[in-house]
Amino acid sequence: VDPFDIFESVFGFRGFGGREPQRGRDVSYVMDVDFMESINGAEKTVNVDRKTLHVKIPQGARTGTKIRFAGEGNPGRSRDGRSLPSGDLFITLRVGTHPQFSREGDDIFSESLISYPQAVLGDKVEVNTVQGLVKLSIPAGTQSGTVFRMRGKGVKSNRGTGDHYVRVIISIPKKPSKREKELLEELRNVSRQ
């Protein structure tokens with residue numbers, strides 16, 4: 001590989017008295033994207049240097065994903081003033097956060113509150129995922145902080161589909177009702193025997 005060819009592809013000219021630029025400069029922009037738009041994919045319209053561009057955000061996009069628009073960068077000029085083809089325009093995505101979900105690769109992580117009876121007796125609860133509501137079976141005797149894996153309920157991308165991991169947290173009522181207190185007293189007395 002000719003190192004001057006690499007230099008030329010990056011900077012548009014050979015330098016050191018070599019050939020003049022063959023095209024204009026590449027231009028880069030950062031575009032903020034909503035968390036769920038990055039998960040599901042979306043189409044957005046943006047104005048860049050008075051140009052209107054239709055940006056297709058791929059499903060499963062992450063922060064740092066680059067989208068290239070060939071020939072939409074700065075136009076070039078030769079030494080004698082002739083117009084040269086424009087460089088490329090690159091839009092780099094910056095994905096926002098979500099109040100409920102966090103993401104690692106194509107896996108999604110969240111927490112779900114369950115009641116004390118649900119933890120002790122077991123139950124089926126609805127868990128919100130990036131693919132919608134999913135029923136999760138909570139086995140009897142589940143401890144607070146237990147993490148359950150829901151296969152294939154994470155991010156769908158060109159790499160495959162990730163999983164969703166949900167940590168269950170037992171919700172303790174701050175102000176139990178009179179009846180709840182009576183039942184808890186009874187439970188405490190039973191557990192002492």
Side-chain angles (χ1 to χ4, degrees), residues 26 28-46 48 53-70 72 88-177 179-181 183-184 186-188 190-191:
D26 291 341
S28 296
Y29 288 92
V30 175
M31 185 170 89
D32 290 318
V33 177
D34 178 80
F35 185 90
M36 291 307 295
E37 287 177 332
S38 75
I39 299 294
N40 299 317
E43 289 192 20
K44 299 186 86 164
T45 301
V46 293
V48 177
L53 299 174
H54 299 283
V55 182
K56 186 170 183 179
I57 299 163
Q59 186 179 37
R62 311 181 198 192
T63 291
T65 298
K66 288 186 186 289
I67 300 170
R68 176 178 174 246
F69 289 87
E72 295 292 342
D88 296 337
L89 183 145
F90 292 91
I91 292 181
T92 303
L93 303 182
R94 181 169 56 198
V95 178
T97 58
H98 193 277
Q100 189 177 358
F101 304 127
S102 61
R103 178 179 176 181
E104 291 181 19
D106 288 337
D107 294 330
I108 296 291
F109 297 82
S110 69
E111 292 184 347
S112 183
L113 293 176
I114 61 173
S115 68
Y116 178 73
Q118 286 176 315
V120 174
L121 302 173
D123 200 357
K124 284 194 174 180
V125 297
E126 284 190 332
V127 175
N128 194 19
T129 73
V130 294
Q131 297 183 27
L133 289 174
V134 174
K135 288 273 191 184
L136 174 66
S137 293
I138 305 292
T142 293
Q143 303 297 305
S144 188
T146 301
V147 176
F148 294 95
R149 177 185 184 190
M150 295 184 285
R151 288 183 182 273
K153 296 301 178 185
V155 180
K156 293 180 180 178
S157 71
N158 58 4
R159 298 169 295 277
T161 303
D163 300 325
H164 186 116
Y165 295 86
V166 59
R167 181 188 304 275
V168 294
I169 307 296
I170 297 174
S171 176
I172 306 297
K174 291 182 179 177
K175 294 181 179 179
S177 67
R179 180 65 180 142
E180 286 174 325
K181 286 181 181 178
L183 290 170
L184 288 169
E186 189 177 334
L187 177 63
R188 180 166 64 182
V190 168
S191 63

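These numbers come from a predicted model, not from an experiment. Throughout, residue positions are numbered sequentially from 1 according to the sequence presented. These numbers come from the heavy atoms of this one structure, side chains and all, not from hydrogens, waters or symmetry mates.
Looking only at distances, a side-chain donor or acceptor of Asp26 sits under 3.5 Å from a matching main-chain atom of Asp88. Formation of a donor-acceptor pair under 3.5 Å by the Ser144 side chain with backbone atoms of Ile170 is found in this model. Side chain of Arg103 to main chain of Gly105: a donor-acceptor pair is present (N/O by atom type, distance under 3.5 Å, no hydrogens or angles). Asp34 contributes a side-chain N or O that, together with a main-chain N or O of Met36, makes up a donor-acceptor pair within less than 3.5 Å. Not one N or O on the side chain of Ser171 forms a donor-acceptor pair closer than 3.5 Å with the backbone of Ser115. Looking only at distances, no side-chain donor or acceptor of Arg167 sits under 3.5 Å from a matching main-chain atom of Glu111.
Other residues, nucleotides and ligands place more than 12 heavy atoms under 6.0 Å from the NZ atom of Lys44. Taking a 6.0 Å sphere around OH of Tyr116, one finds it holds 12 or fewer heavy atoms contributed by other residues, nucleotides or ligands. Within a 6.0 Å radius of NZ in Lys135, other residues, nucleotides and ligands contribute more than 12 heavy atoms.
The distance from atom CZ of Arg68 to atom CZ of Phe90, rounded to the nearest 0.5 Å, is 5.5 Å. Note that CD1 of Ile169 is 9.0 Å distant from OG of Ser112, once rounded to the nearest 0.5 Å. Distance check: Ile172 CD1 to Leu113 CG gives 10.5 Å after rounding to the nearest 0.5 Å. To the nearest 0.5 Å, the span separating CD1 on Ile39 from CZ on Arg62 amounts to 10.0 Å. With rounding to the nearest 0.5 angstrom, the OG1 atom of Thr129 is 11.0 Å from the CG atom of Leu136.
Between Val125 and Gln118 the shortest heavy-atom distance is CG1-NE2, 3.5 Å. Considering every non-hydrogen atom in both Ser38 and Val95, the closest pair reads OG-CG1, 3.5 Å. Counting all heavy atoms, side chain and backbone alike, Asn128 lies closest to Gln100 at ND2-OE1, 3.2 Å. In terms of heavy-atom proximity, Thr161 sits nearest to Gly154 at CG2-O, 4.3 Å. Here the closest heavy-atom approach between residue Phe148 and residue Ser137 is recorded as CE2-O, 4.3 Å. Ile114 and Ala119 make their closest contact through CD1-CB, 3.9 Å (heavy atoms, listed as atom of the first residue, atom of the second, distance).
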From CA spacing to verdict: side-chain contact (heavy atoms from CB on, under 4.5 Å), Tyr29, Val46: CA-CA 11 Å; Tyr29 288 92; Val46 293; over 6 Å; no
Criterion side-chain contact (heavy atoms from CB on, under 4.5 Å) on Arg94 and Met31, from CA distance to verdict: CA-CA 6 Å; Arg94 181 169 56 198; Met31 185 170 89; over 6 Å; no
Stepwise side-chain contact (heavy atoms from CB on, under 4.5 Å) check, His164 with Val130: CA-CA 9 Å; His164 186 116; Val130 294; 5.6 Å; no
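When each of Thr92, Val55, Leu89 is paired with Ile67, the side chain to side chain contact (heavy atoms under 4.5 Å, CB included) condition holds for Val55 and for no other. Of the residues Lys156, Arg159, Lys153, the one that meets the salt bridge (Lys or Arg N to Asp or Glu O under 4.0 Å) test with Asp106 is Arg159.
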